[in-house]
Amino acid sequence: MNFSNELITWYRNNKRDLPWRNTNDAYLIWLSEIILQQTRVEQGMPYFLKFSEAFPTVKRFSEASEDEILRLWQGLGYYSRGRNMLKTAKRIVSDFNGVFPSAYADLITLTGIGEYTAAAISSFSNNEAKAVVDGNVYRLLARYFGIDTPINSTEGKKSFQAVADDLLDLNNAGEHNQAMIEFGALQCKPKNPNCQICPFIQSCYAYKHQKINDLPVKLKKLKIKERYFYFLILINEQNEILIKRRNNNDIWAGLYDLPSVEFTETTELPELLNHADYKKWFKKILAIKSVSEKIKHILTHQKIYAQFLEISVAEKYNINTNDGIWVKVDEIYNYGMPKLIFAFLQKIHKFN
DNA sequence: AATCCGGGGGG
DNA sequence: CCCCCAGGATT
């Protein structure tokens, strides 16, 4: 038994009863597919029911106002989907005589319909031999065949489409495509799939090589996080500075730095000094000796904004020895510190 | 090739 | 908190 036959057997035994599967009406299938883009079936279901009831035909849809569409769409997200649907519905009426097309070549010309959706509508409504590749299919193919090309790279999109095309049951494209998607959604799930009940347990690459959790591969977008650090330079009457060791689960792991508070946005002095995390470091401020400018420090994946507050204090406050060390200013260089902090201390105290 | 567009659920 | 979901349009 080949892959497609095995898959379809699984599908017939396990598929969910979903309303858009009980029709060949390209319009209703379109409605479901647009709603389900980047949306879970459970979340999209009530919207499909609302829309199909409010607009039984594409003609009726085309006569709606944008406000009406958006009101029904409310809460579903990606609102351009709703606006694009209205645009497309009008075009079906004007250019397709009100008959929703089922041919891939026609569908792909419509706003809001890309390769996946055109393949889905054409195969589901008219059994056209176009293979769908959605998030479920990427995952299934990557694991089963052990493909580690990133699914969100140009090369990945092309090669996964080619694999899916190759696998397609040309005589039963609609059901094959439904089965691919359903299998990815129910059996070959993103997290903790139950491989013990999988019909492909003997032939799956990822299961055999214990790579279920490593596939598919996806390129991560390097997002730069902005962090605002406010460092305290506490100086006592013996000319000692309080330093502390950093945790291991963050930048500058294990290095020494200064007592600090982190914010997610820029913060000003009064609020700063009243912050509970600051107050724990001192009893009484003798004098605020200096407040530095905000210093920008760029790391690979983080943008740090640092400001230093130099404060003289009367005594060695009862610091837990695990949490802070008083160090003579001219012995600071004995401790490994982030460049940002060392450079600043060096600048204001002129030690080596 | 990157970025934007959302709300919701699960680990 | 991060990832993912029946993706597509825009730059």
Closest to the side chain of A:T117, out of C:dG7, B:dG6, C:dA6, is C:dG7
Residue pair A:L110/A:Q43 against DNA chain C: nearer the 5' end by closest nucleotide is A:Q43
From CG of A:N152 across to P of B:dT3 the rounded distance in Å is 12 Å
Note to self: Taking donor-acceptor contacts at under 3.5 Å, does the side chain of A:Y116 reach the base of C:dG7?
What the structure shows: no
Separation of C:dC4 atom P from A:I212 atom CD1, nearest Å, is 15 Å
Note to self: Check this one for me: any side-chain N or O of A:Q38 less than 4.0 Å away from OP1 or OP2 of C:dC5?
What the structure shows: no
C:dC5 phosphate, OP1 or OP2: any side-chain N/O from A:R139 under 4.0 angstrom?
yes
Q) Taking C-beta and beyond as the side chain, do A:I241 and A:N236 meet within less than 4.5 Å on heavy atoms? A) no
Whole-Å distance, A:L36 CG to C:dC4 C1', equals 15 Å
Whole-Å distance, A:I108 CD1 to C:dG8 P, equals 7 Å
| message | In whole Å, measure the gap between the P atoms of B:dG6 and C:dT11 for me. | response | 15 Å
Ranking A:K191 and A:G75 by the position along DNA chain B of their nearest nucleotide, the one closer to 5' is A:G75
- Query: Does A:Y230 reach the side chain of A:F308, with side-chain heavy atoms less than 4.5 Å apart?
  - Reply: no
Looking for any heavy atom pair under 4.0 Å, which part of the strands does A:T111 touch: base, sugar-phosphate only, or nothing? sugar-phosphate
When you measure from the side chain of A:R227 to the backbone of A:I304, do you find a donor-acceptor pair of N or O atoms at a distance under 3.5 Å? no
* **A:K130 to A:Y104, cation-pi by 6.0 Å centre distance and 45° axis angle** => yes
Would you kindly check if the NZ (Lys) or CZ (Arg) of A:K208 is within the cone defined by 45 degrees around the ring axis of A:Y205 and under 6.0 Å from the six-membered ring centre?
no
Considering only heavy side-chain atoms of A:W20, the closest of C:dA6, B:dG7, B:dG11 is C:dA6
Which of C:dA9, C:dC4, B:dG6 is nearest the side chain of A:K218? It is C:dC4
When rounded to whole Å, the CG to P distance for the pair A:L219 and B:dT3 reads 12 Å
A:L31 CG to C:dG7 P, in whole Å, measures 16 Å
Using Watson-Crick geometry (N1-N3 plus N6-O4 or O6-N4) or G-U wobble (N1-O2, O6-N3), each under 3.5 Å, B:dG6 is paired with none
Rounded to whole Å, the CD-P distance (A:Q74 to B:dG8) equals 11 Å
If you measure from the P atom in C:dA6 to the same atom in B:dT3, how many Å do you get, rounded?
25 Å
What does A:T39 touch in the nucleic acid at a heavy-atom separation under 4.0 angstrom: a base, only the sugar-phosphate, or nothing? base
- Any salt bridge between A:E63 and A:K90, counting N to O under 4.0 Å? no
By nearest-heavy-atom nucleotide on DNA chain B, the more 5' of A:N192 and A:Y79 is A:Y79
Of the listed C:dC4, B:dG7, C:dA9, the closest approach to the A:R40 side chain comes from C:dC4
- When all nucleic acid strands are considered with a 4.0 Å heavy-atom cut-off, which category describes A:L76: base, sugar-phosphate, or nothing? base
*asked:* Check this for me: does any side-chain nitrogen of one of A:R21 and A:E182 sit under 4.0 Å from a carboxylate oxygen of the other?
replied: yes
note: A:R81, atom CZ; B:dC5, atom P; distance rounded to Å ~ 14 Å
Taking C:dC3, B:dG11, C:dC4 as options, the one with an atom nearest any side-chain atom of A:K220 is C:dC3
- Message: Need one value for A:L18: base, sugar-phosphate or nothing, where a base atom within 4.0 Å counts as base even if backbone is also close, heavy atoms only.
- Response: base
Is A:Q37 side chain donor-acceptor paired with the C:dG8 base, going by distance under 3.5 Å alone?
no
Which part of the nucleic acid, if any, lies within reach of A:Q178 when heavy atoms closer than 4.0 Å are counted: base, sugar-phosphate only, or nothing?
-> base
- prompt: If you look at every strand shown and take non-hydrogen atoms under 4.0 Å, does A:V132 touch a base, only sugar-phosphate, or nothing?
  reply: nothing
